[in-house]
Amino acid sequence: MGNIKIAPSMLAADFANLERDVRMVNQSEADWFHMDIMDGVFVPNISFGMPVLKAMVQHAKKPLDVHLMIVDPDRYIQTFADLGATVLTVHAEACTHLHRTVQAIKAAGMKAGVALNPHTPISVLEEVISDLDLICIMSVNPGFGGQQFIENTYDKVRRLRALANAKNAEVMIEIDGGVTSKNAAALVQAGADVLVAGSFVFKSENPSGTIADLHKITNV
Ligand code: DX5
Ligand code: ZN
């Protein structure tokens, strides 16, 4: 606990005012930019691609936490390294050779993250957990912002923290989907280090105040 990171998801930003929203995050207490990349195959939706990401990155002054919801992510590891990603997260369900993918992300100079869909058991990470910098627990089914938080997440995070401790793995646990001021503290209590928040931040009246509130609630 302590030092909890808040990562606003730019998927919920106003795409007609991206520069304004990137600046808001720069000036806020946010720690990272969470960037959701979708391909319409791994998930049923398409978000934004390289040109839009590149445009945002030109203005972004905080680390980029890139969440790939795409099949065969190995094809784009170098591209995201060149774009300046700090953390690159792939889905376990999208990687046949997850160990190789994780090593390739680290070899490209980024922190390696693995995301798990709500139905995927944490046991799939048992053999690679010590190699990971971040595990993203999806608390909604990936593909869309604004969905309802899945309550089983608390228990899953608790079990994942216990697994990480048992393996002496210094891995950050990130929660993605449906995060609000109602569940933030309990998620941190369960073992989370990074909270992604899209709609809750960008649909609020004062997004930068909402980010500050999430910090206040979680860094107690
Ligand atoms: C969902 C994305 C999330 C999404 C979260 O597929 O990975 O990052 O933007 O949005 P909210 O916070 O609205 O659930
Ligand atoms: Zn995400």
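Counting starts at 1 for both ligands and their atoms, following the listed order.
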| request: Using a 4.5 Å cut-off on heavy atoms from C-beta on, say whether the side chain of Ile129 contacts that of Ile135. | output: yes
Mind checking the [atom1]-[atom2] spacing from [X] to [Y]? Nearest 0.5 Å is all I need.
{"X": "Ile150", "Y": "Asn152", "atom1": "CD1", "atom2": "CG", "answer": "8.0 Å"}
{"X": "Asp14", "Y": "Arg20", "atom1": "CG", "atom2": "CZ", "answer": "5.0 Å"}
{"X": "Cys136", "Y": "Leu116", "atom1": "SG", "atom2": "CG", "answer": "8.0 Å"}

Under 4.0 Å from a heavy atom of [X]: which atoms of ligand 1 are those, numbered in the order shown and with their elements?
{"X": "Gly178", "value": "11 (P), 12 (O), 14 (O)"}
{"X": "Gly143", "value": "1 (C), 6 (O)"}
{"X": "Gly145", "value": "10 (O), 13 (O)"}
{"X": "Phe144", "value": "1 (C), 6 (O)"}
{"X": "His34", "value": "8 (O)"}
{"X": "Pro142", "value": "6 (O)"}
{"X": "Gly146", "value": "11 (P), 13 (O), 14 (O)"}
{"X": "His67", "value": "7 (O)"}

| How far apart are the closest heavy atoms of Glu126 and Leu163, and which atoms are they? | CG-CD1, 3.8 Å
| Minimum heavy-atom separation for Asn219 to Asn3, with atom names? | OD1-N, 2.8 Å
| Between Ser199 and ligand 1, which residue portion shows a heavy-atom distance shorter than 4.0 Å: side chain, backbone, both, or neither? | both
| What part of Phe200, side chain, backbone, both or neither, has a heavy atom within less than 4.0 angstrom of ligand 1? | neither
Polar contact flag for [X] and ligand 1 (N/O pairs, less than 3.5 Å):
{"X": "Gly198", "result": "yes"}
{"X": "Ala197", "result": "no"}
{"X": "Val179", "result": "no"}
{"X": "Gly177", "result": "no"}

| N/O/S atom of Cys136 under 2.8 Å from the Zn ion (ligand 2), yes or no? | no
| field | Ionic contact status for Asp193 with Lys5, cut-off 4.0 Å | value | no
| message | Using the rule given for side chain to side chain donor-acceptor pair (under 3.5 Å), can you reason through Asp36 versus Ser9, listing the C-alpha separation, both sets of side-chain angles and the distance that settles it, and then say yes or no? | response | CA-CA 7 Å; Asp36 290 301; Ser9 166; 2.7 Å; yes
| Hydrophobic cluster identity match, Phe202 and Ile217, side-chain contacts under 4.5 Å | no
